[in-house]
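Both counts, for ligands and for their atoms, begin at 1 and track the order of listing.
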Amino acid sequence: MTAAPETGYTVLAPDVLAQRDVADPLARFREFFDLPEGVIYLDGNSLGALPRRAEQIALKVLRHDWREGLIRSWNEAGWHDLPRRLGDKIAGLVGAAPGEVVMADSTSVNLFKVLAAALRLRPGRSVIVSERDNFPTDLYIAEGLARLVGQGHELRLVDTPVQLNEAVREDCAVLMLTHVNYRDGAMHDMAALTRLAHRHGALAVWDLAHSAGAVEVDLNGSAADFAVGCTYKYLNGGPGAPAFAFAARRWQAQCEQPLSGWWGHAAPFVFDSAYRPEAGIGRFLCGTPAVLSMAVAEAGIDLMAEATPARVRAKSVALCEAFIALVEHHCAGFGLELASPREAALRGSQVSFRHRDGYAIMQALAERGVLGDYREPGILRFGFAPLYVRYADIGNAALALKEVLATRAWDQPRHLARRAVT
Ligand SMILES: *Cc1c(COP(=O)(O)O)cnc(C)c1O
């Protein structure tokens, strides 16, 4: 072991990494995933891996619940309860209570619902404060909603987190933030920023897309008002798996969301012609749930609950620190620059490096079986999903990165051509 002068983190030798895998209390979880041979998967922050049980659930839902049960399965196979039952399980992962989370729709759609509900709770205030480098869909949704409301509502964007102190004023209705930034992995202090919002009479809406299943989240301990999040990233729910919405119990009876579909009605099967919202979190449902995707997503959610966010976070921090040290040691002098916060407390479960030729480098890495991804401008993202990423994997990934940089293997036309999804 040698100390990396720049980081203060230790550069772990291959045999030490192997020992860490042997001692890892989460090591057994890797067996629960069906991972392809020869791939080091460092993109679980974009699409989580396939839990083996997901395949069994899919087959059961198709062959038994759908084929045999047909319409009866809404009651008998528990389809009707899925959004609330899985919502309760997700609640346990993000510091919410049972009855405060539902699984439904996409993150974008849920953000529309909770943001609209929050705005209605703050009449007379017209500003939504957020960050310019928030995930674009969050800003687009806020923009679209502000235009729809059409009462002079506007988005006020800041360029650095300290500017939030200035931007949250008495005209602010909602402070809308993503807890962990998708590009550089920087993590906000949820409790402190929620306090800032509340001090000025505003509400706090949090996006947990890169937090749920990656870091410890305490929505109620932070007094958060509303939140949304994603299940196809660190929760391993499957491509396009339904997202979730959180509304703190204290707001549920008095808040209204505008996508007032029949699944959010107090008694949908009465088929009343007038809308009357369900008393609790159910009012954040809109239409019929995507049963197949939702059923399959339970496999990943259960694995996370069993592993516990605390143990997952501890391993995530260790993996990220080891990776930073290895990359800065092996790849020194090749123009890589750490884009993520160096301090673990300020970082989620990903490490990003900046490089002028980042896109081509990531393509060349993929050819070597190391899968991360790329985000503009020049950001190589490596996500660490502690349920299936091993310490040995990050050692090998750092060496592959070194080889790509040292040989300039990335500098070829086929690596420079952009694909539709980066
Ligand atoms: C991934 C992500 C989303 C995804 O939204 P979809 O509606 O599922 O496409 C939204 N917000 C943030 C911050 C994300 O990281």
Side-chain angles (χ1 to χ4, degrees), residues 42-49 83 86 90 94 101-116 118 128-145 155 157-158 161 174-188 190 193 204-215 217 219 224 226-246 257 259 284-287 289-290 293-294 296-297 300-301 339-340 347-352 372-376 379 381-385 420-422:
L42 303 181
D43 210 3
N45 52 323
S46 206
L47 173 65
L86 296 192
I90 294 168
V94 293
V101 174
V102 275
M103 192 174 192
D105 305 318
S106 65
T107 304
S108 303
V109 170
N110 287 333
L111 184 62
F112 181 86
K113 293 186 278 189
V114 302
L115 192 55
I128 301 165
V129 172
S130 194
E131 291 179 288
R132 201 174 308 281
D133 75 341
N134 196 343
F135 191 80
T137 203
D138 295 48
L139 300 180
Y140 302 162
I141 289 287
E143 228 182 81
L145 181 59
L155 207 49
L157 301 180
V158 302
V174 177
L175 173 59
M176 177 192 82
L177 294 172
T178 295
H179 182 220
V180 175
N181 183 275
Y182 75 102
R183 202 186 276 122
D184 62 10
M187 180 163 64
H188 282 305
M190 183 182 288
L193 288 167
V205 171
W206 289 96
D207 187 331
L208 306 178
H210 286 271
S211 309
V215 300
V217 177
L219 285 171
F226 296 93
V228 296
C230 191
T231 66
Y232 56 74
K233 293 171 179 163
Y234 292 99
L235 290 177
N236 305 302
F244 62 90
F246 159 87
Q257 65 93 2
L259 297 184
F284 283 88
L285 297 177
C286 179
S293 305
M294 216 176 269
V296 162
I301 294 166
S340 295
R347 191 179 59 225
S349 196
Q350 75 179 60
V351 173
S352 301
D373 64 20
Y374 173 82
R375 289 293 178 267
E376 291 294 344
I379 298 282
R381 292 200 307 180
F382 299 95
F384 298 90
V421 174
T422 62

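The contact set between ligand 1 and Ala209, taken as ligand atoms under 4.0 Å from a residue heavy atom, comprises 2 (C), 12 (C), 13 (C), 14 (C), 15 (O). Atoms of ligand 1 found under 4.0 Å from any heavy atom of Ser106 (numbered from 1 in listed order, with element): 7 (O). Near His210, the atoms of ligand 1 lying under 4.0 angstrom from a non-hydrogen atom of the residue are 15 (O).
Applying the side-chain contact (heavy atoms from CB on, under 4.5 Å) test to Ser211 and every residue at least two apart in sequence or in another chain returns His179, Val180, Leu208, Val215, Val217. Here Thr107 pairs with nothing under the side-chain hydrogen bond (donor to acceptor under 3.5 Å, both in side chains) rule; sequence neighbours left out.
For the atom pair Asp105 CG and Phe284 CZ, the distance stands at 12.0 Å (nearest 0.5 Å).
Judged by distance alone, with hydrogens and angles left aside, the side-chain atoms of Arg381 form a donor-acceptor pair with the main-chain N or O of Tyr182 at under 3.5 Å. A donor-acceptor pair is defined here as one N or O able to donate and one able to accept, closer than 3.5 Å; no such pair exists between the side chain of Ser130 and the backbone of Leu157. Panel note: side chain Asp373, backbone Asp43; no donor-acceptor pair is recorded below 3.5 Å.
Side-chain contact of Asn134 with Thr178: a donor-acceptor pair under 3.5 Å is present, judged by distance alone.
Within the set Pro242, Gly240, Ser108, the minimum heavy-atom distance to atom 6 (P) of ligand 1 is found for Ser108.
Two residues are said to be in side-chain contact when any heavy atoms from C-beta on lie closer than 4.5 Å; Leu42 and Phe384 meet this criterion.
With a heavy-atom cut-off of 4.0 Å, Asn134 does not touch ligand 1 at all. The part of Asp207 lying near ligand 1 is the side chain, judged by heavy-atom distances below 4.0 Å.
Protein heavy atom at the shortest distance from atom 3 (C) of ligand 1 is Lys233 NZ, 3.6 Å. For atom 5 (O) of ligand 1, the closest non-hydrogen atom of the protein is Thr107 CB, 3.5 Å. At the shortest separation from atom 9 (O) of ligand 1 among protein heavy atoms lies Tyr232 OH, 3.6 Å.
Residue Thr178 has no nitrogen or oxygen atom sitting less than 3.5 Å from a nitrogen or oxygen atom of ligand 1, judged on distance alone. Of the polar atoms of Asp138, at least one N or O is found under 3.5 Å from an N or O of ligand 1, judged by distance alone.
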